[in-house]
**Student:** 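Pasting a structure here, questions to come.
Numbering of residues begins at 1 and proceeds along the displayed sequence.
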Amino acid sequence: MDFNFIRKWVVGYLVMIMVLSCSTKEKNVLGVVSSATPEASKVGEQILKMGGNSFDAAVAVSFALAVTEPAMSGLGGGTQILLSTKNQTPVAINGTTFSPRGTLVDSQDTLSYHRRSTVPSTVKVLDYLYRNYGSGNVSWEELLQPAIELAEKGYEVGPFRSKVYQKYGDRLKSSPFGTDLFLLQGEVPKSGQKIKQQVLAKTLRRLATHGADDFYKGEIANTIAEDMQKNGGWISLKDLEEFPEPKVLEPLTIQYGEHRVYSQPPPCGGWTALLILELLEQKIQNQEWDKNALIEALYLGQNDRRLNPVTDLIEYDSLVETKLGKDHIEKLMEIGPDSIKVSEVQEKKTGETTHFSIVDNQGNAIAVTASINAYFGSLAASEKLGFLYNSYMDDFVFEKPEHPFALRPNAMAYSSMSPTIVQKNAENVLVIGSPGSSRIISTVAQLTAKWINQKDITALISSNRIHVNRKRVYLEKKSDTLEINNDLIKKYDLEFRVPDESLILKDGLNPYYGGVHAIAKEDSVWIGAADPRRDGLYITVFD
């Protein structure tokens with residue numbers, strides 16, 4: 001017997017198996033999901049394994065987040081989407097909400113619980129996404145089933161969600177409008193305790209069997225309208241029945257070095273994120289990219305948005321073109337924004353949202369930002385439906401009827417949402433977004449710029465962040481002040497603040513600066529990243 005022959009044959013066979021195994025393993029990566037709760041990310045994994053694409057998974061993840069992160073998003077809120085099919089030029093789905101037709105209020109003080117809510121868009125947006133971009137391999141009912149099971153069987157409250165409950169729980173307990181559905185025997189749930197939502201499960205089951213139209217024209221719509229009428233709200237059955245289809249828009253875009261960055265158009269904040277990137281690129285040409293350059297770009301961009309906003313939320317093309325043009329950027333860098341005052345946007349006191357990102361092995365990418373606005377929205381829910389209404393009415397300008405963002409019937413609320421996709425050589429390489437009111441813009445802009453320069457999404461997600469509001473620079477850690485140039489401080493009369501730290505989980509990383517759930521292509525491999533400031537999880541999905 002020729003043992004050398006046998007040995008060579010065995011070694012060759014093992015090498016072949018290893019090669020085939022590696023090859024198969026590489027081919028069987030179905031995609032990556034990164035969202036703000038482990039439960040929702042696992043739902044996205046499940047849908048990809050069932051043969052769904054990124055857009056199918058996004059529908060299921062959205063509904064799962066509505067169950068497992070009720071303080072941030074839900075059926076009563078709004079959803080904004082930026083997506084790219086098979087590495088094509090991205091498109092934006094504008095899922096803005098609208099103030100009700102019966103809106104009469106002139107003072108924010110007169111907004112009762114139910115009057116704080118605009119007409120929700122989320123269910124219609126998710127239905128539109130499914131019908132127009134879904135793979136056809138997974139049914140609408142199958143996409144809602146995981147959320148139904150999470151609501152029926154319950155989920156464990158994570159550490160960050162527990163902190164949110166501890167901080168805002170008294171508001172839930174003090175509201176007489178259905179908020180007991182989010183408590184445990186009337187008490188604020190703690191980390192690790194399980195919450196079941198049988199009423200919401202029933203609503204989701206009806207949506208699964210009767211379709212999204214039921215939310216706007218069926219039994220659910222009637223229940224919403226009755227609840228609003230009973231409790232002084234303005235949303236009517238007509239508001240729901242005539243709620244428009246989401247609009248598909250061209251995203252805003254700039255060239256940043258070798259990369260092309262796409263972000264969400266008005267009423268969202270994408271134009272400001274892109275403006276900050278343009279300012280940063282100008283600073284890079286003249287000096288080393290550091291915290292001083294970032295602070296100056298954030299200061300100029302955020303204050304330009306506050307003092308001289310894009311005021312037409314429909315016919316905005318020429319306004320945005322001017323904002324992102326060379327002349328305007330040079331003007332800002334020379335004299336700052338304070339000399340160009342037009343109107344001041346009302347600054348939101350609170351604000352919460354969720355963001356998730358998904359890519360699949362077909363080249364489909366999607367960035368989704370969804371919200372009920374403030375933590376726990378309007379603090380009102382129908383006892384028959386089990387979801388919280390949003391509080392977007394708070395974001396309008398009050399007692400200034402001439403203001404472009406004054407509260408009026410059938411109007412869009414100004415938003416900071418900035419779901420973003422970056423391409424290089426016409427291929428998707430970064431999918432990113434964040435919650436956090438105006439901090440969304442600061443966070444998305446700085447992390448996008450840093451990633452393009454450094455290509456290490458895992459490290460960047462955990463790095464310190466900066467936000468600028470008026471003359472205040474919000475630093476994540478006090479030690480960051482040591483790197484700030486005195487000339488810059490004097491130039492803009494800057495003040496330094498460290499924000500409220502009550503929601504910090506670990507390592508001094510503050511959820512005030514958002515919750516970034518991003519996916520980046522590094523060395524030809526998609527890498528997921530979930531923000532350690534939240535309860536999030538990213539999953540690389542294998543067959």
Side-chain angles (χ1 to χ4, degrees), residues 62-63 65-66 70 72-82 92-103 105 108 111 113-129 212 215-217 220-221 224-225 227-228 233-249 264-270 313-314 345-346 348 350-355 368-382 385 387-398 404-419 435 437 440:
S62 289
F63 281 117
L65 286 168
M72 290 74 167
S73 68
L75 307 188
T79 296
Q80 294 283 352
I81 293 175
L82 190 67
I93 299 178
N94 179 12
T96 187
T97 63
F98 291 88
S99 57
R101 288 170 171 79
T103 298
V105 71
Q108 192 169 15
L111 284 183
Y113 291 91
H114 289 73
R115 289 186 178 182
R116 294 176 69 197
S117 182
T118 52
V119 186
S121 74
T122 288
V123 173
K124 181 152 281 195
V125 170
L126 297 180
D127 176 60
Y128 184 89
L129 179 65
F215 193 95
Y216 297 92
K217 298 179 181 179
I220 296 174
I224 293 171
D227 186 48
M228 286 286 168
W234 282 313
I235 297 175
S236 67
L237 184 59
K238 187 175 182 181
D239 285 315
L240 293 162
E241 289 176 338
E242 297 183 2
F243 192 83
E245 284 280 286
K247 289 188 176 181
V248 176
L249 305 172
Q264 204 76 352
C268 293
L313 304 183
I314 299 174
V345 180
Q346 180 167 297
K348 191 188 296 185
T350 63
E352 235 351 286
T353 304
T354 196
H355 178 86
V368 180
T369 310
S371 182
I372 52 174
N373 200 32
Y375 279 110
F376 297 106
S378 65
L379 297 171
S382 164
L385 297 175
F387 61 83
L388 289 159
Y389 300 118
N390 71 73
S391 62
Y392 276 118
M393 295 288 270
D394 292 349
D395 287 1
F396 289 96
V397 174
F398 297 85
F405 305 137
L407 183 64
R408 60 195 184 280
N410 200 33
M412 291 183 281
Y414 203 53
S415 171
S416 298
M417 291 183 179
S418 305
S437 299
I440 293 174

**Student:** Does the side chain of Ser99 pick up a donor-acceptor pair with the side chain of Asn410 at under 3.5 Å?
**Tutor:** no
**Student:** What pairs with Leu388 under side chain to side chain contact (heavy atoms under 4.5 Å, CB included), at least two apart in sequence or on another chain?
**Tutor:** Thr179, Phe182, Ile372, Phe376, Ala381
**Student:** According to ring-ring contact (aromatic ring centres under 6.0 Å, His included), who are the partners of Tyr389, at least two apart in sequence or on a separate chain?
**Tutor:**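 Result, ring-ring contact (aromatic ring centres under 6.0 Å, His included) vs Tyr389: His114, Phe387.
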**Student:** Calculate, to the nearest 0.5 Å, the distance between atoms CH2 and CG belonging to Trp234 and Leu111 respectively.
**Tutor:**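 Spacing of CH2 (Trp234) from CG (Leu111) equals 6.0 Å.
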**Student:** Report the distance from atom CG of Leu313 to atom CE of Met412, rounding to the nearest 0.5 Å.
**Tutor:**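 Those atoms lie 5.0 Å apart.
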**Student:** Is there a donor-acceptor pair under 3.5 Å between the side chain of Tyr216 and the backbone N or O of Lys124?
**Tutor:**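 Yes, Tyr216 side chain to Lys124 backbone: donor-acceptor pair under 3.5 Å.
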**Student:** Hey, are the side chains of Val123 and Leu75 touching, using non-hydrogen atoms and a 4.5 Å cut-off?
**Tutor:** yes
**Student:** Would the distance check show the side chain of Asn390 and the main-chain N or O of Thr118 forming a donor-acceptor pair, the cut-off being under 3.5 Å?
**Tutor:**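 Yes.
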**Student:** Taking all non-hydrogen atoms of both residues, which atom of Gly95 and which atom of Val125 are closest, and how far apart?
**Tutor:**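 Nearest heavy atoms, Gly95 then Val125: CA-CG2, 3.5 Å.
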**Student:** Kindly determine whether Val119 and Thr97 satisfy side chain to side chain contact (heavy atoms under 4.5 Å, CB included), including the steps that lead there.
**Tutor:** CA-CA 6 Å; Val119 186; Thr97 63; 5.7 Å; no
**Student:** Strictly distance-based, threshold 3.5 Å: is any side-chain N or O of Gln264 a donor or acceptor partner for the main-chain N or O of Ala92?
**Tutor:** no
**Student:** How long is the span from the OG1 atom in Thr369 to the CG atom in Leu82, to the nearest 0.5 Å?
**Tutor:** 9.0 Å
**Student:** Would you say that Val248 contacts Tyr128 through its side chain, given a criterion of any heavy-atom pair below 4.5 Å between the two side chains?
**Tutor:**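 Side chain of Val248 against side chain of Tyr128, heavy atoms only: contact under 4.5 Å found.
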**Student:** Only one of Ser391, Ser378, Ser117 clears side chain to side chain donor-acceptor pair (under 3.5 Å) with Asn373; which?
**Tutor:**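 Exactly one pass, corresponding to Ser391.
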**Student:** Let's go through Thr122 and Thr79 carefully: what are the C-alpha distance in whole Å and the side-chain angles of both, what is the deciding distance for side chain to side chain donor-acceptor pair (under 3.5 Å) to 0.1 Å, and is it a yes or a no?
**Tutor:** CA-CA 5 Å; Thr122 288; Thr79 296; 2.8 Å; yes
**Student:** As an exercise, state the distance from NE2 of His355 to OG of Ser371, rounded to the nearest 0.5 Å.
**Tutor:** 13.0 Å
**Student:** Give me the atom names and distance for the closest heavy-atom approach of Tyr113 to Leu379.
**Tutor:**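 Looks like CD2-O, 3.5 Å.
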**Student:** Quick one: sort the Phe98 and Phe243 rings into parallel, tilted or perpendicular, breaks at 30° and 60°.
**Tutor:** perpendicular
**Student:** At their closest point, which heavy atom of Phe398 faces which heavy atom of Met393, and how far apart are they?
**Tutor:** CZ-O, 3.3 Å
**Student:** Who are the salt bridge (Lys or Arg N to Asp or Glu O under 4.0 Å) partners of Arg101, not counting sequence neighbours?
**Tutor:** Asp239, Glu242
**Student:** Side chain of Ser418, backbone of Ser416: donor and acceptor closer than 3.5 Å?
**Tutor:**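 A pair under 3.5 Å: yes.
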**Student:** Write down the atom of Gln80, the atom of Asn94, and the distance for their closest heavy-atom approach.
**Tutor:** NE2-OD1, 3.0 Å
**Student:** Taking Thr354 for its side chain and Ser73 for its backbone only, find out whether a donor-acceptor pair lies under 3.5 Å.
**Tutor:** no
**Student:** Between Glu352 (side chain only) and Met72 (backbone N and O only), is there a donor and an acceptor less than 3.5 Å apart?
**Tutor:**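 No, the answer is negative, given that no donor and acceptor are paired below the 3.5 Å cut-off.
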**Student:** For the residue pair Gly74 and Ala66, what are the closest heavy atoms and their distance?
**Tutor:** CA-CB, 3.6 Å
**Student:** Looking at CD1 of Ile224 and CG of Leu240, how far apart are the two atoms once the value is rounded to the nearest 0.5 Å?
**Tutor:**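 These two atoms lie 5.0 Å from each other.
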**Student:** Please give me the minimum heavy-atom distance between Thr103 and Pro409, naming the atom from each residue.
**Tutor:**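 Closest approach of Thr103 to Pro409, heavy atoms only: O-CG, 3.7 Å.
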